[in-house]
Amino acid sequence: MAQTRYDQRVRVFVEVRGGVHDWQEAEARFDRHGWPVRDAYPAGEGPLGAALERDPDSRVYEIEVRLFGTAKGSDRGAADRVRKMLRGARLEGYVRRAELLDRDRELFPHWRIVDATRRQPGRRGRLTRIAVRLGRHDVGGFVSGGPRQALRIARAASSPDAAASGLAVRPLDGRWREPAPYKREDQLQRRVLRLVLWALLSAGAVTLATAAPAVTWWFWTPVALLGAVGAVRTGLELSGERRRAEGVVLALLCVLIFIAFGTGLLDRDGTAWTPRRTLMTAVVVAVIAGLWLLVRQWTWGEWVAWAVPVLVTLAVSAFVAAGSVLHALYAEGLSLAPDDLDVPPVWQALAAVKLLVMLSLVMIVPAWWGFAKHRHHWYATPGDGTNVVMNVCLFLAMLAGAGIQAMGSAETAVDRTVAAAARGDEPPAYFGVAPEWTCVRPVVPADDLPGEGPRLRPAAPYLSFGVSGETAVLWDPATREPVKLPANQVWLRPAASGKVSCATGRH
């Protein structure tokens with residue numbers, strides 16, 4: 001079955017040995033991979049001619065390998081795919097030659113057919129030309145091609161006496177001013193993308209050079225110049241030989257606009273990109289681009305080999321997160337037990353989403369794999385069980401990365417809570433856990449009050465984490481230890497802050 005979606009077409013000459021049965025097996029494999037067989041010759045004949053020795057048990061197939069990725073290196077990528085297919089089928093076959101079939105489309109100028117018989121001299125002629133440009137005299141036809149060719153096509157496709165009737169064409173774009181051959185569509189898109197990437201590199205380097213520590217300017221300044229030079233060079237290729245100045249102006253304008261955004265000149269508040277924001281944005285964009293390049297060329301087999309382990313990983317992470325990993329780590333940092341925190345389900349769900357977001361940076365591994373496959377690197381071509389190895393590494397990396405980031409998030413929240421408690425300020429909340437300053441007064445004699453932790457000091461305020469079951473969960477900022485008391489044997493009253501005295505209610 002022919003592959004319906006692909007980026008490149010590569011003509012490959014494959015020599016298959018072994019006789020009729022192996023030839024039939026090779027043809028079946030070619031068809032299964034969506035590689036049409038254009039022709040077949042006995043060894044020693046055909047386009048390769050006498051370059052190969054004659055062999056009655058050998059045949060040379062001319063196939064068309066269709067694959068995703070860049071044009072550069074696609075011949076090598078196609079050869080690797082065919083070679084690995086032959087090895088997997090246990091066929092004695094050799095890729096003798098591979099060459100890219102360049103089928104990029106020319107961007108012909110577009111024209112609309114108009115009735116030129118209404119032309120009039122003088123002022124009315126000028127009005128008529130304006131009306132023609134506005135489409136008032138269109139006859140409902142569309143053609144593409146060079147100026148002379150478009151006129152011939154318009155008249156040839158009409159009635160036999162159309163030339164005498166005075167049909168003409170009017171341009172719908174500015175490409176008619178360009179000399180033939182016209183720009184290529186895929187080539188133009190690649191150059192525009194390179195121009196934007198070079199400009200973003202220059203803007204990001206300028207932002208880091210101005211916002212990062214002064215000792216790093218010597219590194220980021222050359223990077224910014226490199227990005228600007230790359231943008232100008234791409235602009236020269238984009239504009240063509242006769243309009244070099246336009247390409248340079250476009251490239252410099254693009255660089256300056258991005259730099260203005262990065263340094264905050266075009267921001268209403270004047271807020272510039274921070275180094276962290278700049279680097280994180282670059283990483284996120286690169287990860288998204290790499291994952292898109294990877295997913296767009298997946299076959300059903302690769303969906304099973306790649307997507308299933310990733311989904312299992314995400315499902316496991318979501319299940320663990322639903323058990324409140326972040327809340328458990330937060331409680332551990334304060335010497336509390338996970339059951340001591342009564343967290344609403346909605347906040348547990350948000351904590352699960354947070355943990356999944358932490359996995360996003362670990363997706364750098366498959367994103368890198370997507371870029372490698374797109375550029376036809378030899379280690380990224382299908383086969384040899386490399387997908388299995390990558391899946392195992394991806395699974396372990398995602399779990400390790402999520403664990404490290406989760407511990408870092410919980411430790412930061414604990415440090416902020418402890419610091420606020422030491423100052424007597426209101427501590428920050430953490431995914432539904434909102435400790436509050438509370439005054440505690442026992443309703444039974446102090447000697448008869450059971451519980452865990454340091455001895456209760458009724459005059460000092462405590463941080464309260466609520467009531468879990470029948471236990472009031474408190475935290476003593478003086479000893480930095482939890483205090484757990486029976487909820488039915490104490491009276492809890494909110495305190496304004498940790499600086500008040502519960503005995504007098506004053507600071």
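Starting from 1, each residue takes its place in the sequence as its number.
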Mind checking what makes ring-ring contact (aromatic ring centres under 6.0 Å, His included) contact with F431, not counting sequence neighbours?
-> none

Sequence-distant partners of E27, salt bridge (Lys or Arg N to Asp or Glu O under 4.0 Å), two or more places apart = R59

Any residue meeting ring-ring contact (aromatic ring centres under 6.0 Å, His included) with F465, in chain and number order, not counting sequence neighbours = none

Set of side-chain hydrogen bond (donor to acceptor under 3.5 Å, both in side chains) partners for R455, sequence neighbours left out = D447

Mind checking side-chain contact (heavy atoms from CB on, under 4.5 Å) for R441 and listing every partner two or more places apart, or none if nothing turns up?
-> W491

Knowing that exactly one of R296, R375, R66 qualifies, which makes a salt bridge (charged side-chain N to carboxylate O under 4.0 Å, His left out) with D7?
-> R296

E25: side-chain hydrogen bond (donor to acceptor under 3.5 Å, both in side chains) partners, not counting sequence neighbours = R29

What donor-acceptor contacts under 3.5 angstrom involve side-chain atoms of residues 187-201, with partners at least two apart or in another chain?
unit_1, atom_1, unit_2, atom_2, d
R191, NH1, E237, O, 2.7
R194, NH2, E237, OE1, 3.2

Sorted by chain and residue number, the side-chain hydrogen bond (donor to acceptor under 3.5 Å, both in side chains) partners of D415 (sequence neighbours excluded) come out as none

Check R423 against K499 and note the closest heavy-atom contact, atom names and distance.
-> O-CE, 2.9 Å

Taking only residues two or more places apart in sequence or in another chain, which ones pass side-chain hydrogen bond (donor to acceptor under 3.5 Å, both in side chains) with T479?
-> D476

Contacts of type salt bridge (Lys or Arg N to Asp or Glu O under 4.0 Å), residue R97, not counting sequence neighbours = E99

Which residue pairs pass the disulfide bond (SG atoms under 2.5 Å apart) test when at least one of the two sits in residues 432-480, sequence neighbours left out?
-> C439-C502

Can you establish whether the number of heavy atoms outside R416 located under 6.0 Å from its atom CZ is more than 12?
-> no

Side-chain H-bond candidate by donor/acceptor type, Y430 with T417, under 3.5 Å | no

So which pairs with a foot in residues 431-440 pass side-chain hydrogen bond (donor to acceptor under 3.5 Å, both in side chains), sequence neighbours left out?
-> none

